[in-house]
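Take a look at the structure below.
The sequence lines fix the lettering, A, B, ..., with proteins before strands; numbering per chain opens at 1. Here the structure is a predicted model, which means the values were calculated and not measured.
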There are 2 protein chains.
Amino acid sequence: MAKMTRKCSDSPTCSVDYAFRRIGGKYKGRILWSLNEHKIIRFGELGRILADVTTKMLTQTLRELEKDDLIIRKVYHQVPPMVEYSLSETGFELIPFITYLKEWGDKKIEKEKNKNTETSLLA
Amino acid sequence: MAKMTRKCSDSPTCSVDYAFRRIGGKYKGRILWSLNEHKIIRFGELGRILADVTTKMLTQTLRELEKDDLIIRKVYHQVPPMVEYSLSETGFELIPFITYLKEWGDKKIEKEKNKNTETSLLA
DNA sequence: CCGAATCCGCTGAGATACTG
DNA sequence: CAGTATCTCAGCGGATTCGG
């Protein structure tokens with residue numbers, strides 16, 4: 001097949017790709033979800049919530065989300081400094097979908113657990 | 001901050017992460033979307049639809065989706081061989097999510113286009 | 001036609017140290 | 001507290017070749 005040089009320019013699947021590139025990162029889903037739960041979160045606090053992220057990746061991901069207008073970054077110029085993150089309006093529009101996705105995940109986790117129980121009973 | 005050793009074991013954000021790991025690949029969203037549009041797609045056909053994927057990545061991604069029970073792989077043992085892919089029930093449950101996401105993407109693309117028109121008018 | 005297998009460059013994730 | 005800066009290294013993803 002090799003690579004088809006044509007980019008998915010006007011394909012209807014393209015906006016699917018567009019959206020996934022904006023929320024598909026390793027941490028983006030959890031960040032958006034956490035911001036919806038807590039409304040406002042400070043940088044360090046967010047790091048503690050995600051629990052498996054480095055400052056570098058957290059900064060990088062937050063910058064991307066900010067660039068795409070999904071979150072709002074508010075800096076307080078004081079010592080020690082304080083930076084608060086919150087959902088933008090566009091970002092907030094994604095919450096219903098993430099909620100749906102979370103429920104799907106919960107359901108699937110439950111289903112897998114049952115399957116594992118079955119197999120272990122058979123063993 | 002470094003890395004917090006604790007994995008997000010029972011955090012409510014964990015199932016968000018779980019779900020994103022299953023559909024967050026570079027091509028997974030588009031594959032699921034295409035399968036919903038066409039119901040049944042053959043391997044080569046899928047490659048032509050995505051238009052920017054190599055056989056290796058396509059195979060790899062399809063295997064992951066199959067392993068997670070999101071798609072069904074049906075092999076016809078004949079010459080030349082034929083393999084058909086379709087959505088599983090669990091995979092189909094994701095379609096509403098992807099549909100909404102696509103609409104969100106369309107809307108956002110439109111919004112960005114308008115913004116660019118404005119700035120070019122100002123120039 | 002539908003892949004599997006191999007080689008390989010390069011990015012991007014992670015660890016660590018440092019700064020305003 | 002909220003980040004940069006730098007380095008290292010695994011693994012993602014691409015090109016190519018081979019097989020049923």
Side-chain angles (χ1 to χ4, degrees), chain A residues 1-8 17 20-31 34-35 38-68 71-86, chain B residues 1-8 17 20-31 34-35 38-68 71-86:
Chain A
M1 173 187 314
K3 177 158 56 178
M4 316 278 182
T5 44
R6 176 174 67 84
K7 286 281 178 188
C8 68
D17 190 44
F20 266 93
R21 282 204 307 268
R22 261 142 201 87
I23 66 163
K26 188 173 178 181
Y27 307 104
K28 289 185 178 178
R30 278 187 287 163
I31 290 176
S34 299
L35 283 177
H38 300 79
K39 304 309 171 193
I40 293 180
I41 315 186
R42 297 179 57 177
F43 182 87
E45 200 181 345
L46 198 48
R48 258 166 272 127
I49 292 173
L50 297 191
D52 60 342
V53 69
T54 58
T55 57
K56 179 192 161 188
M57 289 314 299
L58 185 54
T59 302
Q60 186 177 308
T61 308
L62 288 169
R63 290 289 182 282
E64 289 178 21
L65 289 172
E66 188 193 3
K67 188 159 166 290
D68 287 330
I71 65 172
I72 294 168
R73 178 170 183 263
K74 183 164 185 182
V75 182
Y76 294 85
H77 294 282
Q78 57 187 43
V79 182
M82 178 166 79
V83 181
E84 290 179 344
Y85 293 92
S86 58
Chain B
M1 170 188 319
K3 177 159 54 179
M4 317 279 182
T5 44
R6 174 175 68 85
K7 284 284 177 184
C8 68
D17 190 44
F20 266 93
R21 281 204 309 268
R22 263 141 198 87
I23 64 162
K26 187 172 178 182
Y27 308 104
K28 289 185 179 177
R30 277 187 288 163
I31 289 177
S34 299
L35 283 178
H38 298 80
K39 304 310 170 193
I40 294 180
I41 315 187
R42 299 179 57 176
F43 182 87
E45 201 180 345
L46 198 48
R48 257 166 273 129
I49 293 173
L50 298 190
D52 61 344
V53 68
T54 58
T55 57
K56 180 192 164 187
M57 289 314 299
L58 186 53
T59 303
Q60 187 177 307
T61 308
L62 288 169
R63 288 291 178 280
E64 288 176 18
L65 289 172
E66 188 193 4
K67 186 158 167 291
D68 287 329
I71 64 172
I72 294 168
R73 178 169 183 265
K74 183 164 184 183
V75 182
Y76 293 87
H77 294 282
Q78 57 185 44
V79 181
M82 178 166 80
V83 182
E84 290 179 346
Y85 293 93
S86 57

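- Rounded to a whole Å, the CE atom of Met57(B) is 19 Å from the P atom of dC8(C).
- When every heavy atom of Phe43(A) is checked against every heavy atom of Thr55(A), the shortest pair comes out as CZ-O, 4.1 Å.
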| task | Please lay out, stage by stage, how Arg63(B) and Arg73(B) fare under the test side-chain contact (heavy atoms from CB on, under 4.5 Å). | result | CA-CA 9 Å; Arg63(B) 288 291 178 280; Arg73(B) 178 169 183 265; 3.2 Å; yes

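- Inter-residue side-chain proximity for Met57(A) and Lys26(A) is flagged as unmet; no heavy-atom pair is nearer than 4.5 Å.
- With rounding to whole Å, Gln78(A) atom CD is found 10 Å from dC1(D) atom C1'.
- Nearest-nucleotide assignment on DNA chain C puts the 5′-proximal partner with Leu62(B), out of Pro81(A) and Leu62(B).
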| Going through the distances and angles, do Tyr85(A) and Ile31(A) end up as a side-chain contact (heavy atoms from CB on, under 4.5 Å)? | CA-CA 10 Å; Tyr85(A) 293 92; Ile31(A) 290 176; over 6 Å; no

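- Look at CD on Glu66(B): it is 10 Å from P on dA4(C), rounded to the nearest Å.
- For the pair Tyr27(B) and dC12(D), the criterion of a side-chain N or O lying under 4.0 Å from OP1 or OP2 is not met.
- Look at Tyr85(A) and you'll find a side-chain N or O under 4.0 angstrom from OP1 or OP2 of dG3(D).
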| said: Go through it in stages, so that I can follow the logic: the residues are Lys74(B) and Ile40(B), the test is side-chain contact (heavy atoms from CB on, under 4.5 Å), and I'd like the CA-CA distance, side-chain angles, deciding distance and then a yes or no. | reply: CA-CA 10 Å; Lys74(B) 183 164 184 183; Ile40(B) 294 180; over 6 Å; no

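- Taking 4.0 angstrom as the limit, Gln60(A) places a side-chain polar atom (N or O) nearer than this to OP1 or OP2 of dA13(C).
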So which protein N/O to nucleotides 4-8 of chain D N/O distances come out below 3.5 Å?
| from | atom 1 | to | atom 2 | distance (Å) |
| --- | --- | --- | --- | --- |
| dT4(D) | OP1 | Arg63(A) | NH2 | 3.0 |
| dT4(D) | O4 | Thr55(A) | OG1 | 3.4 |

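- With distances taken from any side-chain atom of Lys26(B) to the nucleotides dC2(C), dA2(D), dG13(D), the minimum falls on dG13(D).
- The nearest whole Å value for the distance from the CD atom in Glu64(A) to the P atom in dT11(C) is 16 Å.
- Distance, Leu58(B) CG to dA5(C) P: 16 Å, rounded to whole Å.
- When rounded to the nearest whole Å, the span between CG of Leu46(B) and P of dG3(C) equals 10 Å.
- For NZ of Lys39(B), the number of neighbouring non-hydrogen atoms (other residues, nucleotides, ligands) closer than 6.0 Å is greater than 12.
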| Can you check side-chain contact (heavy atoms from CB on, under 4.5 Å) on Thr61(B) and Val53(B), steps first, answer last? | CA-CA 10 Å; Thr61(B) 308; Val53(B) 68; 5.8 Å; no

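- The phosphate of dA2(D) (OP1 or OP2) has a side-chain N or O of Arg42(A) nearer than 4.0 angstrom.
- One atom, CE of Met82(B), and another, P of dC2(C), lie 8 Å apart when rounded to the nearest Å.
- A straight line from NE2 of His77(B) to P of dG19(D) spans 20 Å, rounded to a whole angstrom.
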